[in-house]
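Structure first, then comments.
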Amino acid sequence: MERVTRIAFALAIILVMVLSSIAPLGSALAYTWGTEIPIMTSQFSSESKQCIQCHELATPFVVRDWQKSPHYRAGVGCYECHKANGNRPDAFEHFGFKITVVVTPKQCARCHPGVVEEYEKSVHSFAGIQCYLLPTYPLFWVSVIQAPFNWPKVIPYSWIKVFDIKNYKTKLPEVYEYVMKATNGEPGIVAFTEDPTVAILGGAEPQGLSLKNAETTKLAILWGILGCMACHGAPLNPTFVKEVEKRTGKFAGRVMVPGTHKIDPAFIFNHGTGRINPDGSLGACESCHPYHSFSLKIVRKSWEACGHCHYGADHPVDEMYKSGWHGIILLGEGDEWAWNKRPGDWMPGRDFRAPTCAYCHMGAVYGPNGQVIYAPSHDPAIMCKWKTGMWIETLLRIPGMPDPGSPAWVREWYGAMYGIKLVYPEPDWKARRARCIALCSQCHTKYYAASFLRTMDWATLLVDYIRDYFVLPVATMLTEKGLFTPFDKIEVRNLGAMANRPAKQALAHQGPDYRWWHYLVERVVLWTIEWLENVYHRPAVRKKAPEIIEYIEKIMPWLKTQVEGEKIESISSLLPPKVVETYKAVTGLKLAFAPLVTPVGIEKAGVAYTFTVNVAGKATGVSPVAAAALLAVPAALVEAGDDEEEQ
């Protein structure tokens, strides 16, 4: 009996070993890509096997990440993705192989043609050209940040030499002397010339900068590459950049290190969603599908993928979403959801309870019996009626319409050169809106969905009316009279990109405070008033363009009461007298700093409210009592209604 047990145990061990050895093959055979690619075996090519041998030692974390991926299960190795034709400007020799570090949608299309076709026609793929050439200026952000300054073309070499230590000469002389001695009197230069990155880069510098030629324009370009283009996508196509320079006559940035196949160090790490690639394709699949595991879970979680770019002052969609009920449900119970279901089988109600960014904008839509009535899409605007990203116009999405963010010559040139049409794809806005209604009505009634969408449409009109009636006419008149200053340029841009556009985005993404206070009230309304006040009180405008003063008085009659040269105290003249009186009473309070139990009296609408604030702490300096009293003030202003006497 004992012998039988030992034999059975040995056979079990052998069976486990055999099963574990064929597990990758089994999972590869079980894994499906849908209809786009026939299943492959887990037998990797000889080239990829050589890559793995070296990179298991050189970059083990990359190899382990890839081993978690569907590519690994399907037998797609390193060489299959990174192989490059020899005529590509970024192709380089690597231990006997011609490879590239820029894997493009065109390469991905060998296995995912349908997905890439959808993506290449989407707003994501156009994002790099729009950012790079908006409206026609290469590296447009340079003009935005340079406009207020008359800075020198080159930062002086003498300043770079000791750039950060000179302020210590009188403040901390002993530190100054120590550093100067340690660096032979050249701390700034030493910091650049002796840095370990110099040897690795082999003399290549971002945008060809040098200590004696630190061009301010190139330095500003670096900020745009690290900021705007980190999301929008950088130009990695030397042919396109040369064409831009020929057409505009302006420096358009450097793509390659001269005389090499190396991409400029400033661009090598760019994975923006509209990257302009060396092979002419647009986009970077890894901007949403982080290499090398290409995890669906990461793509579908909004704060891990979409939130990478769609957040911040000019498009805080991630924050808006998280402060609405969809985001609240996700953050509260998302750890229980099935994140890794294949596309076309990720169903609301069954696999998750509230839509993420990826689901609303790209997910399949299911009918009442669970059948797919709209397939998944890689066009994130597939359910969007309006094009609002340009802020200066709100356009219906009409198939074949030229992309308004791309200059006409770019559309023509790109189509002729690479066969890519920078136009809006099918379907039209009505079909997109119909899909959106079907999407929402999986969880809500159609009446509920239609009510929400129609409310958004009407609310959009108000924001654009303020833009078209209060902002753009004044900006146009200032420009025609030669009075449109760099300050105005930035202000009007902010009233659009930082106010108008996100206000409209807030309508769709559920965050109540973002809709009202952060954007409509603060930015759209108050920012507009502040800018018009500034224009109204400029002596140059009154002298050279009285018609602008008349127009502002027409659209904001309360300004007529202001005498030229007087500074407006506040916007209180917009408010009812009783509110102003209450506001002055509240802001005129003298808050006590002691004792620790402080009565704060506030009079509102003839009713006295008294709050006792108890705060533990010392009543010295800026006491906690003052802060607590300030917190009491908003509470005191709450409407009492019909029950005031009882309170």
Side-chain angles (χ1 to χ4, degrees), residues 90 92 101-102 131-132 137-236 238 241 244-245 250-272 275 312-313 486-487 489-490:
D90 58 317
F92 61 95
V101 294
V102 184
C131 175
Y132 185 61
Y137 194 104
L139 308 150
F140 84 96
W141 65 86
V142 175
S143 64
V144 173
I145 62 174
Q146 278 187 336
F149 302 105
N150 184 27
W151 55 27
K153 183 178 179 182
V154 176
I155 292 179
Y157 180 77
S158 58
W159 183 86
I160 296 174
K161 182 176 178 178
V162 292
F163 75 98
D164 214 24
I165 194 68
K166 54 191 173 185
N167 294 328
Y168 284 84
K169 191 169 186 178
T170 54
K171 187 169 62 174
L172 290 170
E174 66 279 12
V175 173
Y176 177 81
E177 290 174 11
Y178 190 89
V179 172
M180 293 295 280
K181 184 177 180 181
T183 58
N184 294 319
E186 297 181 335
I189 292 173
V190 167
F192 280 82
T193 57
E194 296 185 12
D195 190 281
T197 57
V198 174
I200 297 170
L201 293 175
E205 287 289 343
Q207 294 298 292
L209 287 160
S210 68
L211 289 170
K212 293 193 175 180
N213 190 21
E215 294 182 37
T216 51
T217 296
K218 289 183 178 180
L219 290 167
I221 287 171
L222 296 184
W223 280 92
I225 292 168
L226 295 165
C228 308
M229 286 193 170
C231 285
H232 282 261
L236 301 189
V241 171
V244 171
E245 290 185 337
K250 297 170 183 173
F251 177 68
R254 201 178 78 164
V255 178
M256 309 297 293
V257 177
T260 74
H261 285 270
K262 291 181 180 178
I263 296 171
D264 185 273
F267 287 129
I268 192 70
F269 44 79
N270 186 272
H271 308 287
R275 191 178 61 201
F487 167 82
K489 182 176 184 178
I490 292 173

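All heavy atoms count here, side chains included; hydrogens, waters and symmetry mates do not.
Here the side chains of Glu174 and Tyr168 are not in contact, with every heavy-atom distance at 4.5 Å or above. At a threshold of 4.5 Å between non-hydrogen side-chain atoms, the residues Val154 and Lys212 do not count as touching. Residues Leu211 and Ile189 are in side-chain contact: their nearest non-hydrogen atoms beyond the backbone lie under 4.5 Å apart. Pro235 places a side-chain heavy atom less than 4.5 Å from the side chain of Phe267. In this structure, Asp264 and Val255 have side chains that are not in contact, with every pair of non-hydrogen atoms separated by 4.5 Å or more. Pro187 is not listed as a side-chain neighbour of Phe163, based on a closest heavy-atom distance of 4.5 Å or more. Side-chain contact check for Val102 versus Ile263: some heavy-atom pair is nearer than 4.5 Å.
Pairing each heavy atom of Arg275 with each of Leu236, the nearest pair is CD-CD1, 3.5 Å. What you find for Leu139 and Gly253 is that their closest heavy atoms are CD1-N, 3.6 Å. In this structure, Val257 and Ala204 approach most closely via the heavy-atom pair CG2-CB, 3.8 Å. Residues Cys131 and Phe140 share a closest heavy-atom pair of O-CD2, 2.6 Å. The minimum heavy-atom distance linking Thr183 with Val190 is given by the pair O-CG2, 3.7 Å. Across all non-hydrogen atoms, the minimal contact from Asn270 to Ala234 is OD1-N, 3.1 Å.
Lys166 NZ: more than 12 foreign heavy atoms inside a 6.0 Å radius.
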Report all side-chain donor-acceptor pairs from residues 215-230 shorter than 3.5 Å, counting only partners two or more places apart or in another chain.
| residue | atom | partner | partner atom | Å |
| --- | --- | --- | --- | --- |
| Glu215 | OE2 | Asn213 | ND2 | 3.3 |
| Thr216 | OG1 | Pro152 | O | 2.9 |
| Thr216 | OG1 | Lys153 | O | 3.2 |
| Thr217 | OG1 | Gln146 | NE2 | 3.0 |
| Lys218 | NZ | Gln207 | O | 3.2 |

Checklist entry - Run the side-chain contact (heavy atoms from CB on, under 4.5 Å) check on Thr260 and Phe92 step by step: do they pass? => result CA-CA 9 Å; Thr260 74; Phe92 61 95; over 6 Å; no
Item to check | side-chain contact (heavy atoms from CB on, under 4.5 Å) evaluation trace for Val241 with Tyr132 | outcome: CA-CA 10 Å; Val241 171; Tyr132 185 61; 3.6 Å; yes
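Screening residues 176-197 for ring-ring contact (aromatic ring centres under 6.0 Å, His included) gives no qualifying pairs among residues at least two apart or on separate chains.
Side-chain atoms of Glu245 come within 3.5 Å of backbone atoms of Ala252 as a donor-acceptor pair (strictly under, hydrogens ignored).
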